Amino acid sequence: MKEILTKNLNPSQIEAVHCTEGPLIIFAGAGTGKTKVITYRIAHLLSLGIAPWSILAVTFTNKAASEMKKRVTNLISQTHRNLWISTFHSFCAYFLRIEASKISLDPNFLIYDFMDQKNTIKDCIKELNIDEKKFKVSTIVNKISRAKDDLKFPSDVVSEAEQLDNPFEFTISKIYELYQKKLKKTGALDFGDLIMQTVATLQQLPAMLERYQEKFKYIMIDEYQDTNRAQYILIKLLARKHHNVCVVGDDDQSVYSWRGADINNILNFKKDYPNAKSVKLEQNYRSTPKILSTAYQVVKHNNTRIDKQLWTENLDNGSVIVIKAVNENDEATKIANLISLNAYKHKLSNFAVFYRTNSQSRTFEDTFRRAGIPYALIGALRFYERTEIKDIIAYLKLINNPNDNVSFKRIINIPRRGIGKTSIESLEKFALLKNISLWEAIHLTSQADLTKGAQKALNSFMQFIETFLELKKKDISAKIISEKIVTHSGYLKELEAENTPESKTKIENIQELISAINDFQNRSQNKSLAGYLTQIALTSDTDSLDESKDKVTLMTLHLAKGLEFEYVFICGLEEGLFPIWESVSNNEELEEERRLMYVGMTRAKKNLYLCWSTERTIYGKTRWNIPSRFITEAGFKYDFTGSKQNPNFKNTNKKHFRAEVICEDTYNNDFEIKTGPFLSTIKTANPYKVGATVLHPTFGRGKIIEQSGTRENLKLIVLFENGQQKKLIAKIANLRFI
DNA sequence: TAGCCCGGCGTTTTT
DNA sequence: CGCCGGGCTA
C-alpha cells in the first residue's frame with residue numbers, strides 16, 4: 001500500500017498526501033492531478049488506520065463525487081460504505097433528513113429546483129400585488145439565492161433594507177419572507193436552504209455540532225475556490241474541533257462569483273488557519289509547454305491571485321494559433337473546415353468548441369450539420385429541464401406530496417382538461433382564503449367560485465390523482481406509476497396525435513425518463529417515489545458527456561471546467577463578447593472573465609485555437625469588433641493599421657477560405673491548418689460524388705454507389721463495408737467524408 | 001378557454 | 001433574430 005501511495009506521485013503530490021494533520025491548503029493548478037491527490041490522500045488516511053466514517057470529502061458536482069468514490073475504491077480495492085464522499089447539497093440533504101425531527105422539519109421534504117423557485121416567486125408577486133414589470137422573477141430568485149448563500153434569513157434581509165431605506169430591496173425582502181413561508185407550508189427546501197438550514201441547525205444545537213465535529217476528524221473540500229459563504233461557514237463549524245481540514249482548489253479557476261462563490265475563501269485560508277500548511281501543485285500533465293506559457297501570460301494580468309506557474313515535462317510542440325474570421329459563419333466554417341480536414345486521423349471527441357454565451361452555439365450547429373460533422377451540444381437544455389420531463393415529474397411530485405402547489409398548477413391543465421386561467425385563479429383565491437393547498441381546495445369545489453364545468457373537470461382530475469395516491473400506498477413502483485401517468489392522463493396520446501419530429505423526440509425522452517426511473521429502482525436502496533425525487537433534484541448530468549459517441553463537443557466555457565480535449569477552439573474572442581461588455585467596467589468581474597479564459601485555454605492538450613471575428617450578428621444586430629484583450633494578453637499582436645474600417649466582405653463567398661492566422665508558431669505536425677477541399681462541400685450544392693468514401697454513424701464506412709435528387713432531396717445509395725447496401729437521404733444521414 | 005399577436009428582452013448555471 | 005409572457009379576440 002505504502003508503495004502504491006508514493007510510487008505514482010511527484011514530490012509536491014506526496015507532500016500533500018502525507019500531510020494529514022492540521023489545516024492544509026493545496027493549490028492545484030489545471031491538470032496537475034488534483035483528484036489523484038485527494039483520492040490518494042483518502043487512501044493514505046485509511047492505510048494509517050483512520051476509521052472510514054471519520055473522513056468527509058465534499059465536492060460540488062455529483063460527477064466529481066462519483067469519480068472520487070470510484071477512484072478511491074480502485075485504489076484500496078474495497079468499498080467503504082461509511083466513507084462519506086458527497087456533494088455539499090447531498091451531504092446537507094442527508095443531514096437534514098436524519099436530524100429533521102430535532103428541528104421540526106418533515107423528513108420527507110421536497111427539494112425545489114430553479115423552476116420551482118421561479119413559480120413560487122411568481123405566486124408571491126401576485127399575492128403581494130407587486131408590479132411585475134419592475135420586479136423580474138429571475139432577478140428575485142437570484143437575490144434570494146444569494147441571500148441564502150450569505151446565510152441571510154428573511155428577517156435579516158428585511159431589516160437590512162429598512163436600515164438602508166431602500167424601497168426596492170425592501171420589496172424584495174418582503175417577497176423573500178413570503179417565499180420562505182410558502183416553502184415551509186409545502187414542506188420544501190430549495191438548494192440554498194439545504195446549506196443554510198444545515199448551518200443554522202448546527203449553530204443552534206451545540207451538542208449536535210459537537211457530535212458531528214467528533215465524527216468528522218478529517219475533512220476535505222474539492223474546488224474550494226467555488227465555495228460560498230454558507231459552505232465556508234459549514235466547513236469551519238465542522239472542522240473547528242480537529243482542525244484537520246484540507247482544501248483543494250485553484251483561485252485562477254474561480255468563475256462562479258455570480259452564483260455566490262467567494263474567491264476570498266481560498267485566498268484567505270491562511271488567515272483563517274494561521275498554522276495552515278500550503279502545497280502548490282504546479283507540474284502539469286495535460287498540455288504542451290506553449291499552451292501553458294500562453295495561458296500564464298493571460299492570467300498573470302490579474303492582480304488578485306496567488307502566483308503559481310504551471311510547468312511540464314511534455315516536449316510536444318503543440319501550439320496556440322489565432323484565427324481571424326470575417327463573421328460568425330466564417331468562424332464556424334473555418335473551424336468546421338479544420339476539424340474535417342483532420343478528422344481522418346483524430347477522433348472527433350478530441351475536438352471541443354467553447355464559447356462565452358449559449359446563443360453562439362446556433363451557428364456552430366447549423367454549420368456542423370451542413371458539414372456533416374457530428375456534434376454534441378452540452379448544457380443548453382438539460383434533460384430534467386425539458387417540458388415533457390418536467391410535466392411527468394410534476395405528476396410524480398404531486399402524487400408524492402399532493403400539497404405541492406407548484407406541481408399542481410403545472411399539470412392541472414396538461415393535457416388540456418378545460419381548466420383555464422380563470423378557474424385556476426378563483427381556485428387559488430379560495431385556497432388562499434381558507435389557508436389550504438390547491439389539492440385540499442379541489443375537494444371543496446362547490447364552495448369556490450367556479451362554473452359547473454370547471455367543478456366537474458376538477459373533480460375528475462382529483463379522482464385521477466386519487467387513484468395514484470392509492471397505488472402509492474400499495475408501494476407500487478415508481479416506474480409503474482409513471483407509466484400509468486403517461487398513458488392514463490392522455491399525455492402520450494396527445495403527443496402521438498401531434499406526430500411531428502418534436503413530439504417524437506418528446507416521446508423518446510419520456511421513455512428515457514421511465515427507464516431512468518427503472519434504473520434508479522434497480523440501483524438504489526431507497527426505492528420509494530420520494531427517494532427518486534430527491535435523487536433527481538440533486539442530479540442534473542444525465543445526458544451530459546457521453547464519451548462513447550464520437551462527436552465534437554460544443555459548450556460554454558463555464559461548462560468546460562474540469563474537462564480536457566486534444567484540440568480546443570475558443571470562439572468569439574472579441575471585446576464585448578469575451579470579455580463580455582457587462583464585465584469590462586468592473587475590475588473584479590473582468591478578472592473573472594480572464595480566469596474563464598484561463599480555464600478555457602488550459603483545457604487544451606495539444607493545440608489551442610483562439611478565434612475572433614471582425615463582424616458578428618447578435619440579436620439581429622451586426623457589430624464590428626476588435627479582437628479580445630485576451631488575445632493581446634496572450635502575446636499576439638494585431639496590426640490595426642492594416643485593417644480598413646469598412647472592408648469589402650464579398651470574399652465570404654469564395655470557395656476556399658484560408659484560415660487567416662495572424663500569428664503562428666510552429667504547430668503540431670500532426671494537425672493540418674491549411675484549408676482543404678472540405679469547405680467547398682459546405683458551400684456547393686452537392687458534395688456527394690459517386691465513388692466517394694463516407695462514414696456513417698451506425699453503418700460505418702462505405703462507398704457512394706448511386707445518387708438521385710438534388711439538395712435537400714438528394715438521395716444516396718451507399719454500399720457499406722459490412723456488405724449492407726442502404727438508401728439514405730443525404731440531408732439527414734449524417735455522413736462524414738473520409 | 002384557447003389561440004394568436006405583439007412587445008420586450010437578451011452572461012455565465014456544479015446543486 | 002427568437003423566445004417568452006401578457007393581453008386581446010373568436
Side-chain angles (χ1 to χ4, degrees), chain A residues 58-67 86-93 111-118 122 132-133 136-139 141-142 145-146 148-149 189-195 222-223 225-228 230-231 253-261 328 354-363 378-382 384-385 387 413 416-425 451 453-454 457 534-541 544 555-563 572 576-584 589 592-593 595-597 599-600 616-622:
Chain A
V58 190
T59 64
F60 276 84
T61 65
N62 294 302
K63 202 173 144 197
S66 48
E67 172 75 15
S86 77
T87 65
F88 269 105
H89 294 271
S90 47
F91 170 80
C92 291
I111 297 173
Y112 267 17
D113 66 13
F114 180 67
M115 282 299 189
D116 300 324
Q117 297 184 61
K118 259 173 70 172
K122 267 187 212 159
E132 315 163 36
K133 295 238 162 60
K136 278 194 326 191
V137 176
S138 55
T139 320
V141 176
N142 272 325
S145 301
R146 289 301 77 75
K148 290 182 178 181
D149 290 344
L189 299 182
D190 62 22
F191 292 134
D193 285 330
L194 292 174
I195 318 281
D222 191 17
E223 305 277 14
Q225 76 281 355
D226 290 335
T227 49
N228 59 38
Q231 291 157 341
Q253 294 187 65
S254 164
V255 292
Y256 283 113
S257 74
W258 47 276
R259 227 169 49 192
E328 68 275 12
F354 302 155
Y355 34 80
R356 178 65 240 260
T357 65
N358 277 310
S359 60
Q360 286 165 262
S361 72
R362 200 179 198 95
T363 321
I378 312 294
L381 189 57
R382 301 214 300 274
Y384 284 103
E385 271 162 24
T387 22
N413 202 31
R416 273 183 290 281
R417 300 185 174 90
I419 302 167
K421 227 170 56 187
T422 28
S423 304
I424 294 169
E425 251 165 42
T451 62
T534 315
Q535 200 246 203
I536 57 162
L538 296 172
T539 328
S540 66
D541 48 354
S544 46
M555 64 175 136
T556 62
L557 284 138
H558 279 92
L559 288 179
K561 204 173 91 173
L563 304 174
L577 182 58
F578 190 24
I580 207 149
W581 70 268
E582 286 93 335
S583 72
V584 294
E589 286 176 33
E592 181 148 316
E593 292 287 297
R595 291 193 291 267
L596 190 57
M597 178 68 182
V599 166
R616 182 178 299 273
T617 308
I618 301 174
Y619 306 138
K621 286 217 166 80
T622 305

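Given the structure is predicted, the values throughout are model-derived calculations rather than measurements. Within every chain, numbering begins at 1; the chains are lettered A, B, ... in the order of the sequence lines, protein sequences first and strands thereafter.
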Heavy-atom pair with the smallest gap, counting every atom of K122(A) and V137(A): CG-CG2, 3.7 Å
Pairwise 5' ranking along DNA chain B for L596(A) and R417(A), keeping only the more 5' one: R417(A)
Sugar-phosphate only, base, or nothing, as touched by G420(A) at under 4.0 Å among non-hydrogen atoms: sugar-phosphate
Value in whole Å for how far the C1' atom of dT13(B) lies from CG of N228(A): 14 Å
Whether H89(A) and F191(A) hold their rings parallel, tilted or perpendicular, with breakpoints at 30° and 60°: perpendicular
Expected output: side-chain Q360(A) to main-chain R356(A) donor-acceptor under 3.5 Å: yes
Short side-chain N/O contact to dG10(B) OP1/OP2 from K136(A), under 4.0 Å: yes
Verify stack between W258(A) ring and dT12(B) base, 5.5 Å, 30 degrees: yes
Given DNA chain B, 5'-ward residue of the pair K561(A) and A454(A), judged by closest heavy atom: A454(A)
Distance-minimising heavy-atom pair for I419(A) and A457(A): CG1-CB, 3.6 Å
N or O in side chain of S359(A) less than 4.0 angstrom from dC1(C) OP1/OP2: no
Whole-Å distance separating the CZ atom of F191(A) from the P atom of dT15(B): 8 Å
Modelled atom types, side-chain donor and acceptor of T87(A) and T59(A), under 3.5 Å: no
Separation of atom CD in Q253(A) from atom C1' in dT12(B), rounded to whole Å: 16 Å
R616(A) CZ to dT11(B) C1', straight-line distance once rounded to whole Å: 14 Å
Rounded distance in Å - CZ (R146(A)) to C1' (dT13(B)): 10 Å
N358(A) vs dG10(B): side-chain N/O to OP1/OP2 distance below 4.0 Å: no
5' precedence on DNA chain C between R362(A) and K421(A) (nearest-nucleotide basis): R362(A)
Sugar-phosphate, base or nothing in reach of L559(A), heavy atoms under 4.0 Å: sugar-phosphate
Phosphate contact (dT11(B) OP1 or OP2) by Y256(A) side-chain N/O below 4.0 Å: no
Donor on one side chain, acceptor on other, S257(A) and E592(A), under 3.5 Å: yes
Rounded distance in Å - CE (M115(A)) to P (dT15(B)): 16 Å
Residue R416(A), side-chain atoms from C-beta onward, closest of dT13(B), dT11(B), dA2(B): dA2(B)
side-chain N/O N413(A) vs dA2(B) OP1/OP2, d < 4.0 Å: yes
Separation of atom OH in Y619(A) from atom C1' in dC3(C), rounded to whole Å: 11 Å
Sugar-phosphate only, base, or nothing, as touched by S423(A) at under 4.0 Å among non-hydrogen atoms: sugar-phosphate
Atom-to-atom span, CD1 of I378(A) to P of dT12(B) - whole angstrom: 16 Å
